[in-house]
Amino acid sequence: MIPPAFILVRPQMGENIGSAARAMLNFGLERMRIVAPRDGWPNSAAVALASGAGRVLDQAGLFPDVQAAIADCDFVFATTARGRELTKPVYTPEAAMDHARALVAAGKRVGVLFGPERAGLENEDVVLANAIVTVPVNPEFASLNLAQCVLLMGYEWRRQTEAVEGVVMEMARTEFASGIEVQKLGDHFEERLEAAGFFFPEAKVPGMKASLRNMWSRLGLTKAEVQTLHGMLRQIAYKLRAQGDE
């Protein structure tokens, strides 16, 4: 698959080009195209801000206008926050990159246009695109920095093309306790609580013990946590015995 080309249209500052390159590489995207940059190309400020993503800049294509930059693209998205008097489908970033993934999987070439920092894409740029991408931002402050917009689209591309779990439990060099380990922890707690006179009155004891057992199984304890709880109980028992001897 050929990932989308991110096309920076008339970018005004080299620093923003460099930051955009860094954002792209964060999400595995390296196909940058630059249309008529204001301060010329190559640009030392872009290299300084790329922070390790220099290869994106080294491989970037330079084009005189948008038409030349998208000439080989089968489908083009235009990112813009402004309302347009144009009849085009308007995608969220998530929906846009989902569609881009399907197009790329079918062997199509996709381009994404990003406008200059001051005012974004002009109508003459947008008319060349097949669809618009608009971020659901605060309508009273809808402007996004160029690199921010690139980062957002890059993130959605990565999310659509990589299987990433929504929630992952980091085990911190341990593993979940086995059923028998949790059972023995429950036995230990019951033993200490019995000695402390916790289980009272007699009629409620079975329910109290069942609630505790249910709690231990529900917590999803790690081996290290089980050992810590055992150690806490042993230390409490030791201190109580020592005080009794005095």
Side-chain angles (χ1 to χ4, degrees), residues 1-38 46 49-51 53 56 60 66 69-70 73-105 108-164 166-167:
M1 294 198 305
I2 302 176
F6 277 23
I7 305 165
L8 312 187
V9 179
R10 300 182 297 279
Q12 296 169 310
M13 298 178 63
E15 291 87 346
N16 287 333
I17 299 173
S19 296
R22 181 177 180 179
M24 287 176 63
L25 196 57
N26 281 152
F27 299 104
L29 292 163
E30 300 187 32
R31 300 181 65 231
M32 174 183 280
R33 297 179 181 182
I34 304 171
V35 176
R38 184 191 67 182
L49 266 291
S51 187
V56 176
V66 174
I70 66 173
C73 293
D74 299 298
F75 196 98
V76 177
F77 294 99
T79 61
T80 177
R82 292 187 287 163
R84 304 285 179 177
E85 296 179 358
L86 299 170
T87 303
K88 289 185 184 292
V90 179
Y91 288 72
T92 64
E94 179 182 12
M97 292 299 94
D98 180 56
H99 187 46
R101 176 191 53 77
L103 289 167
V104 168
K108 304 297 183 181
R109 290 177 178 263
V110 175
V112 184
L113 300 176
F114 299 88
E117 299 90 322
R118 183 181 60 82
L121 295 170
E122 300 293 340
N123 268 0
E124 52 263 36
D125 304 316
V126 180
V127 297
L128 299 174
N130 301 98
I132 289 171
V133 183
T134 297
V135 180
V137 293
N138 176 6
E140 297 179 3
F141 191 68
S143 177
L144 286 177
N145 174 274
L146 173 59
Q148 289 175 327
C149 193
V150 169
L151 183 76
L152 180 59
M153 296 299 288
Y155 165 75
E156 290 296 348
W157 167 258
R158 187 78 172 186
R159 202 164 68 89
Q160 295 297 330
T161 55
E162 294 287 330
V164 179
V167 178

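Count residues from 1 along the sequence.
- Nearest heavy-atom pair across T79 and L121 is O-CD1, 3.4 Å.
- Residues satisfying the side-chain hydrogen bond (donor to acceptor under 3.5 Å, both in side chains) test with D98, not counting sequence neighbours, are R101.
- The only option from L128, V126, L113 that meets the side chain to side chain contact (heavy atoms under 4.5 Å, CB included) definition with V76 turns out to be L113.
- Among pairs with a residue in residues 129-145, none fulfils salt bridge (Lys or Arg N to Asp or Glu O under 4.0 Å), at least two apart in sequence or across chains.
- Under the side-chain contact (heavy atoms from CB on, under 4.5 Å) criterion, A46 pairs with I17, W41, N43, L57, sequence neighbours left out.
- Listed here is the closest heavy atom pair of V35 and P11: O-CD, 3.5 Å.
- P4 places a side-chain heavy atom less than 4.5 Å from the side chain of L29.
- Two residues are said to be in side-chain contact when any heavy atoms from C-beta on lie closer than 4.5 Å; L8 and V150 meet this criterion.
- The list of salt bridge (Lys or Arg N to Asp or Glu O under 4.0 Å) pairs with a residue in residues 151-163, not counting sequence neighbours, reads E94-R159, E156-R159.
- For the atom pair CG of N16 and CG of L49, the computed distance is 8.0 Å after rounding to the nearest 0.5 Å.
- Between L146 and S19, every side-chain heavy-atom pair lies at or beyond the 4.5 Å cut-off.
- Smallest separation of non-hydrogen atoms from A96 and M153: CB-CE, 4.4 Å.
- For residues 2-17, the salt bridge (Lys or Arg N to Asp or Glu O under 4.0 Å) pairs, not counting sequence neighbours, are R10-D125.
- Pairs passing the salt bridge (Lys or Arg N to Asp or Glu O under 4.0 Å) check and including a residue from residues 22-32, sequence neighbours excluded, read E30-R55.
- Under the side-chain contact (heavy atoms from CB on, under 4.5 Å) criterion, V135 pairs with P93, V137, L144, L152, sequence neighbours left out.
- In terms of heavy-atom proximity, L86 sits nearest to N123 at CD1-OD1, 4.3 Å.
- A side chain to side chain contact (heavy atoms under 4.5 Å, CB included) with M97 is found for one member of V112, T161, V110 and no other, namely V112.
- A ring pair (Phe, Tyr, Trp, His ring centres under 6.0 Å) check over residues 125-154, counting only residues at least two apart or in different chains, returns nothing.
- The ring pair (Phe, Tyr, Trp, His ring centres under 6.0 Å) test applied to F77 returns F75, Y91, not counting sequence neighbours.
- Counting only distance, with no hydrogens or angles, the side chain of R33 and the backbone of I7 share no donor-acceptor pair below 3.5 Å.
- Taken from CG in N145 to CG in L151, the straight-line distance is 10.0 Å, to the nearest 0.5 Å.
- Heavy atoms from other residues, nucleotides or ligands lying under 6.0 Å from NZ of K108 number 12 at most.
- Atom-to-atom distance recorded for M24:CE and W157:CH2 is 11.5 Å, nearest 0.5 angstrom.
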